[in-house]
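Computed from a predicted model, the values in this text were never measured in an experiment. Residue numbers start at 1 and run along the sequence shown.
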Amino acid sequence: MPYQLNPDRYFSVNPDQRNLARQLYELLKDLPIISPHGHVDPALFSRPDATFGTPTDLFIIPDHYVFRMLYSQGIPLESLGIPRIDGGSVEQDHRKIWQIFADNYHLFRGTPSGGWIDHALHANLGVPERLTGENAQSIYDHIQDRLSSAEFQPQKLLSGLNIEVLCTTDAAADTLTDLQSMRSQGFGNNIYPTFRPDALVNICAPDWLPQVELLSQVSGINVTNFRAFIQALLQRREFFKQMGAHATDHGVLTAYTNPLSEAEAGTIFRHALAGKATPQEEAAFNGHMLMEMARMSIEDGLVMQIHVGAFRNHNPLIFHTFGRDKGADIPIASEFTQNLKPLLDQYGTDPRLNIILFTVDEDAYSRELATLAGVYPSLKVGPPWWFHDSPNGMRRYFDQILETAGIYNTAGFNDDTRAFLSIPARHDVWRRVSCDWLAGMVLQGRIDEEDAPEIATDFACGLAKCAYHFE
């Protein structure tokens, strides 16, 4: 018999709860996917003849969840084909890389990434056996055949997977060439860019000056001072809106906000242009720019996403050899109540502002995020993020956030992924876990059974549509 995923995965072992969770899941399992925040490369969809490449291209090389686990067990990233900054030698034989992955697939037992990969292999690609070292090459052939078929061409698969909304994440100075190419072909009307200005506000980053030069080039505004910098950012935001953007995204170490005077901001900006900005000035500038971005969102209506608390590129060997975003990011403790107060004092009750807060510090869920979202109309709590995008992470989120914030002060689910085929898998996990949690609340008498289907549908896609203005 072909291998099949357990139809009751992520449901309770309590038979009454499991049966009700099944009923709720059946109502929404085929609803369209709303993916309002993610990192899939838009170039994947820019040409009708584009492909996913090999199974290794699809599952291993772009997915830091995968190669992070293998690296943690002493497997060199070079042996997995991860490109080096210096162009040094890495494994080019994708079958060899796949064999290493299959030989070590037991490392992913019980992990979220193992569940996502199993879903992609068996539900999406029709792989008839569990992946092992012994059948690695035959499964590689099976996947390669599927990826070479017309139905797995990326543009076609987008609709085949029932993805109604797909948002990318794009640098503020990006010209969105790939998206423009799609639109010229009459494709991609359900793909939306997201404005991410991090590279322009992190003034101590080694590549900050080239980023400012690029901003000048694409905006047509000579960015020689802080006032011109703000004007150029406003121009880019307007361009992103014209291309369909619904949101901005801000990845910050802390939620610190504090307004600077124009003179103070201008002085720091001059120091940065001269290459003399200090880390203390960078922190002050970041805190001010979050205030500026909130003000701009009030004016142009873009939803403001703030992702807090990831210590990026913690492993210096990986960073200097392979670059940023290679799986070496670690959560830190985060504080929101004091850090966000200057922003909330100024803008928190303005109904035109919509901020979605994310954290990788679960200790902040009930202590701060739930209570803040429960009082400020500008705030919603984003879904469990990164290391907590997991069945247990979702359950902790439901238990710690919803009792205080309420269901409708949250933003539903987003997958936040670079791995395209993990999108349906991640949404399926969320839908199953949310149905199971709802079933438990019904059986406890805390939610009426007749309300549960509507809530389940809201969890699946309604909350995200509302939070990101796709209704």
Side-chain angles (χ1 to χ4, degrees), residues 37 39 169-174 193-219 221-241 245 247-300 302-313 324-325 329 332 334 336 339-340 342-343 346-347 353 355-358:
H37 173 67
H39 300 275
T169 301
D170 313 274
D174 197 314
T194 298
F195 179 87
R196 185 158 186 163
D198 295 4
L200 291 166
V201 299
N202 295 328
I203 58 177
C204 289
D207 61 345
W208 182 74
L209 279 173
Q211 290 293 325
V212 172
E213 292 170 4
L214 182 59
L215 176 64
S216 295
Q217 177 184 334
V218 300
S219 68
I221 297 170
N222 191 15
V223 181
T224 58
N225 55 55
F226 181 69
R227 182 171 293 180
F229 178 66
I230 294 297
Q231 290 172 344
L233 288 174
L234 287 169
Q235 189 272 346
R236 299 310 298 158
R237 290 175 67 111
E238 179 58 29
F239 169 69
F240 270 66
K241 279 200 69 176
T248 69
D249 184 36
H250 311 270
V252 291
L253 185 62
T254 74
Y256 172 75
T257 60
N258 193 44
L260 300 173
S261 69
E262 186 171 347
E264 290 170 326
T267 297
I268 292 175
F269 197 79
R270 285 195 302 274
H271 290 172
L273 288 175
K276 296 179 180 179
T278 67
Q280 292 75 22
E281 287 179 317
E282 182 180 53
F285 191 76
N286 269 282
H288 178 67
M289 286 308 299
L290 282 179
M291 300 281 294
E292 285 287 295
M293 292 296 168
R295 176 184 63 80
M296 293 178 192
S297 282
I298 288 172
E299 294 173 357
D300 64 24
L302 290 177
V303 176
M304 185 177 182
Q305 300 173 102
I306 306 178
H307 287 81
V308 177
F311 188 121
R312 309 272 176 167
N313 310 303
R324 62 179 71 250
D325 302 325
D329 305 312
I332 63 169
S334 298
F336 292 85
N339 277 331
L340 283 178
L343 187 154
Q346 193 155 343
Y347 302 123
L353 180 61
I355 297 176
I356 301 176
L357 295 174
F358 297 79

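Looking at N258, its side chain never comes within 3.5 Å of a backbone N or O of G287 through a donor-acceptor pair. Under the 3.5 Å distance criterion, the side-chain polar atoms of E282 are matched with a main-chain donor or acceptor of C204. Put simply, the side chain of S297 gets close to the backbone of L302: a donor and an acceptor are under 3.5 Å apart. Between the side chain of T257 and the main chain of N339, a donor-acceptor pair closer than 3.5 Å is present. When atom types are taken as modelled, the side chain of R196 and the backbone of T169 share no donor-acceptor pair closer than 3.5 angstrom. Judged by distance alone, the side chain of D329 and the main-chain N or O of N313 form a donor-acceptor pair under 3.5 Å.
Taking both residues in full, the closest heavy atoms of E281 and K276 are given as OE1-O, 3.9 Å, listed atom of the first, atom of the second, then distance. Residues A172 and P197 approach most closely at CB-CA, 3.9 Å, considering heavy atoms. Of all heavy-atom pairs spanning Y256 and A284, the tightest one is CE2-CA, 4.3 Å. For the pair M304 and T248, the tightest heavy-atom approach, listed with the atom from each and the gap, is CA-OG1, 3.5 Å. A171 and F240 get closest at one heavy-atom pair: O-CZ, 3.3 Å. The two residues L200 and L233 make their nearest non-hydrogen contact at CD1-CD2, 3.9 Å.
Taking 4.5 Å as the limit, every side-chain heavy atom of D325 sits out of range of all side-chain heavy atoms of H39. At least one side-chain heavy atom of F285 sits under 4.5 Å from a side-chain heavy atom of F269. In this structure the side chain of M289 reaches within 4.5 angstrom of the side chain of I230, judged on heavy atoms.
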Run F226 and H288 through ring-ring contact (aromatic ring centres under 6.0 Å, His included) and show every step you take.
CA-CA 12 Å; F226 181 69; H288 178 67; 5.8 Å; yes
Does the side-chain contact (heavy atoms from CB on, under 4.5 Å) test come out yes or no for I355 and L340, once each step is laid out?
CA-CA 11 Å; I355 297 176; L340 283 178; over 6 Å; no
side-chain contact (heavy atoms from CB on, under 4.5 Å) between R270 and T267, worked out
CA-CA 5 Å; R270 285 195 302 274; T267 297; 3.1 Å; yes
Verdict with reasoning, L357 to V308, per side-chain contact (heavy atoms from CB on, under 4.5 Å):
CA-CA 8 Å; L357 295 174; V308 177; 5.6 Å; no
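Atom OG1 of T254 sits about 9.0 Å away from atom CZ of F336, to the nearest 0.5 Å. Note that the CD1 atom of I203 and the CG atom of L273 stand 9.5 Å from one another [nearest 0.5 Å]. How far CG of L353 is from CE of M296: 13.0 Å, rounded to the nearest 0.5 Å.
At a threshold of 4.0 Å, the pair R295-E292 counts as salt-bridged, since one of the basic side-chain nitrogens sits closer than that to a carboxylate oxygen.
Environment of CZ in R312: crowded, with over 12 heavy atoms of neighbouring residues, nucleotides or ligands closer than 6.0 Å.
In this pair, F358 and H307 present their aromatic rings parallel. The plane angle is below 30°, not in the 30 to 60° band.
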